Amino acid sequence: MEQPIRLLLAKIGLDTHTIGITVLAKELRDRGIEVIFSGLKQTPEQVVRAALQEDVDVIGVSCLSGGHMTHLKVLAEQMRALGIDDRILIVGGVVPEEDVEPLKTIGVDRVFTMGANMDDIAAYLRSAVAAA
Amino acid sequence: MAKHESKVVEELQPNSDLLWKTQYYEPAIADSGERKTSFKTQSLRWEIKPVYTQNDLDEIGFDPASDLGMPGTYPFTRETKPAGYRADLWAMTQVSGFGCAEDSAKRWEYMVNQGLDSIIIEYDLPTTNGYDSDNPLCRGEVGRAGMALDTLQDMEEALNFPLEKLKNITSVCNAPQPVNLAMLIKALQKKGKKLEDIRLMMPNTILVEYTCVGRYIYPPKHGLRLACDVIEYCMKHHPNWMPLNVVGAQIYAARGNPVQEIAYSFAMARAYIDELLARGHKIDDVAPMVSFITGIDMDFFEAIGKLRAYRKVWARLMKEMYGATADEALKLRLMSSPGTMSMALQQPLNNIARLGIEMLACAIGGGAHTINTPLYDEAHALPSEEAITIGANIHHIVAHESGVADTIDPLAGSYYVEYMTKRLEDAVFEEMAKIDAMGGALGAIEAGYFQSQLAEEQIAMNTDFHSGERKFVGVNYLVKEDEKREIEIFRHDEAAEQRQIERLSRVKAQRDNSAVEKVLEKVREAARGSTNMVEPMLEAVELYATHGELCDAMRDVFGEHDPNALTPTL
């Protein structure tokens, strides 16, 4: 039987907007994905350690404060340092269009902004994890 | 196949509703039905009938004499001010504040020159969570979601613009409110502004933070104490200020429906009130200190019913439960704000239309001394200057071109509006009784009740959007394929963080550090006892003790709140 995809949803820093991940967690669980929540107010280091410990396929970072570039840079470095940069890294929240390419350069695989379709996210996760 | 009777509806009394339904309405839809299989209000999902009549009002026991009154009279359903917006229009404001103090001052000067007379100061996350800018936890967040504030010097520079045009300052800094209040007082004094010439409004709404926003520091009972210290200080020294704005708009933004928003807000207000009564104050003195901020969404009639029910339920609560008698205690003080959650990222110029409709509902629903507009690019990033100008103009278009501000509560007596208002009122009382049974707002927060109820609404609303039950133009309906986001976006200055950290270390190098150490101990001592915490803060900020140091001094005594209490359903 096919193993379900394991996803760590993370909030980094002081941003505590939780509506996006609350809805996402429910919708993705309904679509058969195993969702683990990092807890609030985490450092990138804590998130990467949790990802390693939980052996997830995907790390999903939700950021609505605008601090995504700073957090993701550190997070991607940490993923490389711990040798888990093969895992899929996605970002959601308030991310301006012109930040999408720089995020990808850092190592983010895909950015979903507000209003993203849940089916699209789930479909993306399946194909990305299958290809990884 | 529909055979219309030629009878005039008026001749069909007393059962005209029923006859109309069977003889006119049902035949009219018999062939092809209606646009939707069911019509529901947007947030509460209450079924909407095709038409409302006196029968609906009779059914819910509506009595114009006791349910309405007149503008300025109990129960204030029609308006708290006897002359509504005919005497004074609402104060017009917008959210702002970002970067270092001097960036904020420049932006506020621009806003004041656009004709706005009130500003709202939003601080960055390090500030609202009680840290200095050089704290490693704050990387990437300094000056981002609002203004960075470390010392009194920052506040002085933030107010470096023509203050004479300003009537109101709202300062949003809930968990560290006593520190923030002290900085505002000292900075205004240093700028030579007479404290009685300005109205300072502080949300001071820590219980909302524990429920759905998350910018808390200390455990709830200590948070409540600090909030009440701020209220008590203002009651004594600045009775015209507004030291408690329960931000229902945040409950709305967390997808709370109108019943939840009003019931949770009032339950929270009661926690502060009960604490102040326990300190020996009287309800007629305490209640006028409390005000509310509401978020107004797109359903026009839910919005108008909500504004009217807000006023009425408050008046009844104060009179029936607390025995308040002073008019000022019975009158709800409200700031309304078109809803940030109805602003779409897609086709953002559509948001101007949404703001117009919501502003219209705010003006017709009445009761607000101040109306705040979010901006049409809200969903993208922090607002651009163009969006600020248009936001200000929407106020003026509604106020001066639409005519809705020229008569008071113009929709009173509308069957649907009165039905909606009364149903909301009944539902709010029912929800408040439920919260009471949990031990009030503190009990409900500690049990995770508010948080989990809101999570359910978040999921349900997402389902409504996903299924298309609720249409959102440009988002799930009339979607423009391959949309390019061509919109002016305000860019955060990445160097601001470093500049702010350097400012902080300069101030620390120049101050009397041993005096700071002493005053921090004084703060700890006050925290351990029952001294009003604003008093030692006034002394401390003048010595340039930093925001983070003062919050840490209280952390030493109070401890910290568990950051995951906010997400019981994750």
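Treat the numbers as computed from the prediction; the structure is a model and nothing was measured. Basis for what follows: all heavy atoms, side chains included, without hydrogens, waters or symmetry-related copies. Each chain gets a letter, A, B and so on, in the order the sequences are listed, and its residues count up from 1.
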> What's the spacing between B/Gln346 CD and A/Thr113 OG1 if we round to 0.5 Å?
Replying inline: 7.0 Å

> Any side-chain heavy-atom pair from B/His466 and A/Asn117 closer than 4.5 angstrom?
Replying inline: yes

>> Go through it in stages, so that I can follow the logic: the residues are A/Thr16 and B/Glu209, the test is side-chain contact (heavy atoms from CB on, under 4.5 Å), and I'd like the CA-CA distance, side-chain angles, deciding distance and then a yes or no.
In response: CA-CA 10 Å; A/Thr16 47; B/Glu209 297 285 344; 6.0 Å; no

>> Could you report the tightest heavy-atom contact between A/Leu14 and B/Cys138, atom names first, then the distance?
In response: CD1-SG, 4.0 Å

>> As an exercise, state the distance from CG of B/Leu454 to OG1 of A/Thr18, rounded to the nearest 0.5 Å.
In response: 9.0 Å

> Stepwise, does the side-chain contact (heavy atoms from CB on, under 4.5 Å) test hold for B/Arg144 with A/Thr70?
Replying inline: CA-CA 12 Å; B/Arg144 191 176 286 281; A/Thr70 314; 4.3 Å; yes

>> Quick check on B/Glu141 against chain A: is it the side chain, the backbone, both or neither that has a heavy atom closer than 4.5 Å?
In response: side chain

> For B/Pro126, is it the side chain, the backbone, both or neither that has a heavy atom under 4.5 Å from a heavy atom of chain A?
Replying inline: both

> Minimum heavy-atom separation for B/Pro563 to A/Leu40, with atom names?
Replying inline: O-CD1, 2.9 Å

> Are B/Asn462 and A/Lys26 close enough that a side-chain donor and a side-chain acceptor fall under 3.5 Å?
Replying inline: no

> Distance from B/Gln458 atom CD to A/Leu24 atom CG, nearest 0.5 Å?
Replying inline: 12.5 Å

> B/Ala254 and A/Ile19: which non-hydrogen atoms are nearest, and at how many Å?
Replying inline: CA-CD1, 3.5 Å

> Considering only heavy atoms, which portion of A/Ile21 lies under 4.5 Å from any heavy atom of chain B: side chain, backbone, both, or neither?
Replying inline: both

> Considering only heavy atoms from C-beta outward, does the side chain of A/Lys41 approach that of B/Asn129 to under 4.5 Å?
Replying inline: yes

>> Does any backbone or side-chain atom of B/Tyr131 lie under 4.5 Å from a heavy atom of chain A? Answer side chain, backbone, both or neither.
In response: side chain

> If you measure from OG on A/Ser38 to CG on B/Asn564, what distance do you get to the nearest 0.5 Å?
Replying inline: 8.0 Å

